[in-house]
*Asks:* 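Please read through the structure below; I'll follow up with questions.
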Amino acid sequence: MNFLVVNPWIYDSAAYDFWLKPLGLLYNAEILKLLGHNVIFLDLLNRYDIDLVKFKIPKSKKYGTGKFYNEIVDKPPILKKVPRAFKRYGIPLKIVRNKLEAIKSDHKIDAILVGVTLTYWYYGGLKTIELLREYFPSVPIFLGGIYSSIYPKHAQETFSKYGVDVFSGTGIKPLEQVLQKLGLSTDALDNFNWFEEIDLSYDFYDSDLSYVVLISSIGCTFNCSYCITPNMWKFQSRTIPAILNNISYILKKRPNIQDIVFFDDAFLLRKDIYDLLKELSKFKVRYHLPNGIHARRVTPEIASLLKKANFKTIKLGYESHDFNVQKETGFKVTNADLARAVANLKKQGFTKDEISAYILLNLPEQSKTDVIEAIDFCYELEISINLNEFTPIPGTQEYLKLVAEGYIEKDTDPLILNNTYLPYLFDFGLSIEEIKEIKQYAQLKYQH
Ligand code: B12
Ligand code: SF4
């Protein structure tokens with residue numbers, strides 16, 4: 001069969017290509033290919049798309065990250081009160097239309113798969129599907145991914161109008177259900193360990209790529225109050241030989257790749273992390289960890305192995321300076337853990353630019369003082385910071401608490417739960433002024 005697999009645009013007020021690659025869709029596309037199907041992959045967020053670069057040459061910043069092409073679009077009514085521009089990020093509409101026209105005339109598409117990641121990005125999925133329906137009015141469209149797994153009710157209600165079948169859940173099940181719906185056999189997937197066996201090839205990209213994204217483990221053994229990961233995945237890690245094979249396979253095909261990014265939730269939690277890090281040092285690439293790693297696990301030996309393997313981006317999950325907040329939200333870190341991890345990393349020569357800490361901003365139980373103290377603490381440790389604005393994710397403890405306390409409605413439209421819009425629309429947490437003051441404080445402090 002001919003499958004069209006589409007990574008939709010993002011509609012938001014801010015978005016940046018911080019090594020964004022649609023891993024979930026890539027896995028599903030690889031499995032379809034393995035089953036003998038033909039896959040046409042359309043990533044509307046590919047900054048190096050061959051048609052886009054003819055129109056506008058993208059500028060890449062550090063290690064292949066960079067700005068998406070974007071255009072201001074009309075705001076949906078629910079965001080009218082928010083004084084922020086609303087934009088469509090990704091390949092311009094005209095180019096996408098040309099692509100769909102070409103796909104339609106060259107192939108008989110039998111089914112379309114679309115994946116939405118963040119819950120508040122569903123609107124981009126909707127707009128993409130509206131367009132797909134113009135070209136493929138009667139082709140079955142299937143929606144899956146993090147949004148429909150976290151918020152199935154909303155996804156069902158929103159997308160069924162477009163004749164879209166919505167699937168939730170992680171692993172191979174959603175794809176099996178898609179295949180069954182199409183009347184195809186799933187026997188080949190019985191006892192198939194997709195996480196171990198599928199090599200991400202990046203063959204679906206005919207454009208240049210300066211980085212690739214992989215996962216060596218997925219899920220996490222902690223249970224933080226603001227995080228949905230433990231509800232979605234049981235912690236599992238891919239074996240070291242499989243990870244190394246996957247890297248060799250990619251580098252053989254794309255020797256220009258210089259940056260490998262791990263999207264793991266909890267990169268350091270696997271038991272054989274020491275062995276993995278030793279093996280990773282064999283490849284002449286730079287590695288990056290954009291998700292917060294566990295400070296408690298950054299022992300002197302781990303720090304030394306991270307350095308030897310050539311890790312260039314280390315983000316530590318810190319979130320709050322207040323011991324009570326740390327304890328109540330999941331106890332993944334204390335101030336002493338962070339200080340120890342930083343000392344170990346610094347001893348190996350990691351710089352202030354290479355090490356940063358994620359600090360949560362606007363968590364309901366957090367005070368302005370807590371955020372300021374967290375910034376000061378990181379400044380004193382001489383590391384960089386990333387202020388992460390809190391977003392209540394359906395299903396998490398924080399979300400359920402806000403619903404129980406009456407701050408948000410149970411079936412809230414996820415668009416307004418976007419961390420950029422929250423302070424304009426809800427009464428909990430810090431005010432817009434306080435958030436601005438904190439950001440200015442951090443900026444001024446870090447200018448020196
Ligand atoms: C990597 C990652 C990042 C990266 C890149 C994110 C990206 N946009 O690609 C970085 C570090 C930049 C990041 C940032 C943020 N992230 Co993040 N991130 C993740 C993480 C750890 C992994 C995502 C991933 O690639 N998973 C691996 C793939 C294989 O899984 P998958 O996509 O679910 O796909 C599977 C299935 O869903 C299914 N599937 C997927 N698509 C389809 C389609 C069809 C048709 C079918 C049938 C099946 C199917 O098949 C796959 C295999 O099973 C997730 C947690 C998680 N474990 O998912 C959080 C997560 C997505 N992030 C989250 C958050 C909150 C954020 C931030 C907002 C944090 C902040 N406060 O600033 C920012 C937002 C930044 C941004 N604008 O992107 C939340 C989502 C919240 C939400 N409302 O939706 C998550 C769930 C973690 C959490 N805290 O609970 N993140
Ligand atoms: S440690 Fe990180 S990934 Fe694990 S539950 Fe907490 S926030 Fe989520």
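These numbers were taken from a predicted model, which means no experiment stands behind them. Every number for a ligand or one of its atoms is a count from 1 in the order of the listing.
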*Asks:* Give, for atom CE of M232 and atom OG of S168, the distance between the pair rounded to the nearest 0.5 Å.
*Replies:* 12.0 Å

*Asks:* Quick one: do K127 and E130 make a salt bridge, cutoff under 4.0 Å?
*Replies:* yes

*Asks:* Short of 2.8 Å from atom 4 (Fe) of ligand 2, name each protein N/O/S atom, waters not counted.
*Replies:* C220 SG

*Asks:* Drop me the distance from L316's CG to I385's CD1, to the nearest 0.5 angstrom.
*Replies:* 13.0 Å

*Asks:* Using the six-membered ring of Y441, assess whether NZ or CZ of K368 lies under 6.0 Å from its centre and within 45 degrees of the ring axis.
*Replies:* no

*Asks:* Please tabulate protein-ligand N/O pairs under 3.5 Å for ligand 1, atom names and distances to 0.1 Å.
*Replies:*
residue: ligand 1; atom: 39 (N); partner: N28; partner atom: ND2; Å: 3.4
residue: ligand 1; atom: 50 (O); partner: N28; partner atom: ND2; Å: 3.0
residue: ligand 1; atom: 53 (O); partner: G171; partner atom: N; Å: 2.7
residue: ligand 1; atom: 53 (O); partner: G171; partner atom: O; Å: 2.8
residue: ligand 1; atom: 57 (N); partner: D265; partner atom: OD1; Å: 3.0
residue: ligand 1; atom: 57 (N); partner: D265; partner atom: OD2; Å: 2.9
residue: ligand 1; atom: 71 (N); partner: E389; partner atom: O; Å: 3.1
residue: ligand 1; atom: 72 (O); partner: N388; partner atom: OD1; Å: 2.8
residue: ligand 1; atom: 83 (N); partner: T119; partner atom: OG1; Å: 2.6
residue: ligand 1; atom: 84 (O); partner: T119; partner atom: N; Å: 2.7
residue: ligand 1; atom: 84 (O); partner: T119; partner atom: OG1; Å: 3.3
residue: ligand 1; atom: 90 (O); partner: I228; partner atom: N; Å: 2.8

*Asks:* Should the pair K33-D203 be classified as a salt bridge under the 4.0 Å nitrogen-to-oxygen rule?
*Replies:* yes

*Asks:* Would you mind listing which atoms of ligand 2 come within a distance below 4.0 Å of any non-hydrogen atom of Y226?
*Replies:* 7 (S)

*Asks:* Could you check whether Y11 and Y120 have their ring centres less than 6.0 Å apart?
*Replies:* no

*Asks:* Can you give the donor-acceptor pairs under 3.5 Å from side chains of residues 412-420 to other protein atoms, not counting sequence neighbours?
*Replies:*
residue: T412; atom: OG1; partner: E409; partner atom: N; Å: 3.2
residue: T412; atom: OG1; partner: E409; partner atom: O; Å: 2.4
residue: D413; atom: OD1; partner: Y122; partner atom: OH; Å: 2.9
residue: D413; atom: OD1; partner: L415; partner atom: N; Å: 2.9
residue: D413; atom: OD2; partner: Y122; partner atom: OH; Å: 3.1
residue: N418; atom: OD1; partner: T420; partner atom: N; Å: 3.0
residue: N418; atom: OD1; partner: T420; partner atom: OG1; Å: 3.3
residue: N418; atom: ND2; partner: D12; partner atom: OD1; Å: 2.9
residue: N418; atom: ND2; partner: D12; partner atom: OD2; Å: 3.3
residue: N419; atom: ND2; partner: E389; partner atom: O; Å: 2.7

*Asks:* Identify each donor-acceptor pair in which a side-chain atom of residues 17-29 lies under 3.5 Å from a protein atom, sequence neighbours left out, and give them as a table.
*Replies:*
residue: D17; atom: OD1; partner: W19; partner atom: N; Å: 3.3
residue: D17; atom: OD1; partner: L20; partner atom: N; Å: 2.8
residue: D17; atom: OD1; partner: Y211; partner atom: OH; Å: 2.9
residue: D17; atom: OD2; partner: R47; partner atom: NE; Å: 2.8
residue: D17; atom: OD2; partner: R47; partner atom: NH2; Å: 3.4
residue: D17; atom: OD2; partner: Y211; partner atom: OH; Å: 3.3
residue: W19; atom: NE1; partner: Y63; partner atom: O; Å: 2.8
residue: K21; atom: NZ; partner: Y211; partner atom: OH; Å: 3.2
residue: N28; atom: ND2; partner: G24; partner atom: O; Å: 2.8

*Asks:* With a cut-off of under 6.0 Å to the ring centre and 45° to the axis, is K104 in cation-pi contact with Y135?
*Replies:* no

*Asks:* Before giving the answer on ring pair (Phe, Tyr, Trp, His ring centres under 6.0 Å), spell out for F426 and Y407 the whole-Å C-alpha distance, their side-chain angles and the decisive distance to 0.1 Å.
*Replies:* CA-CA 7 Å; F426 292 94; Y407 285 110; 9.0 Å; no

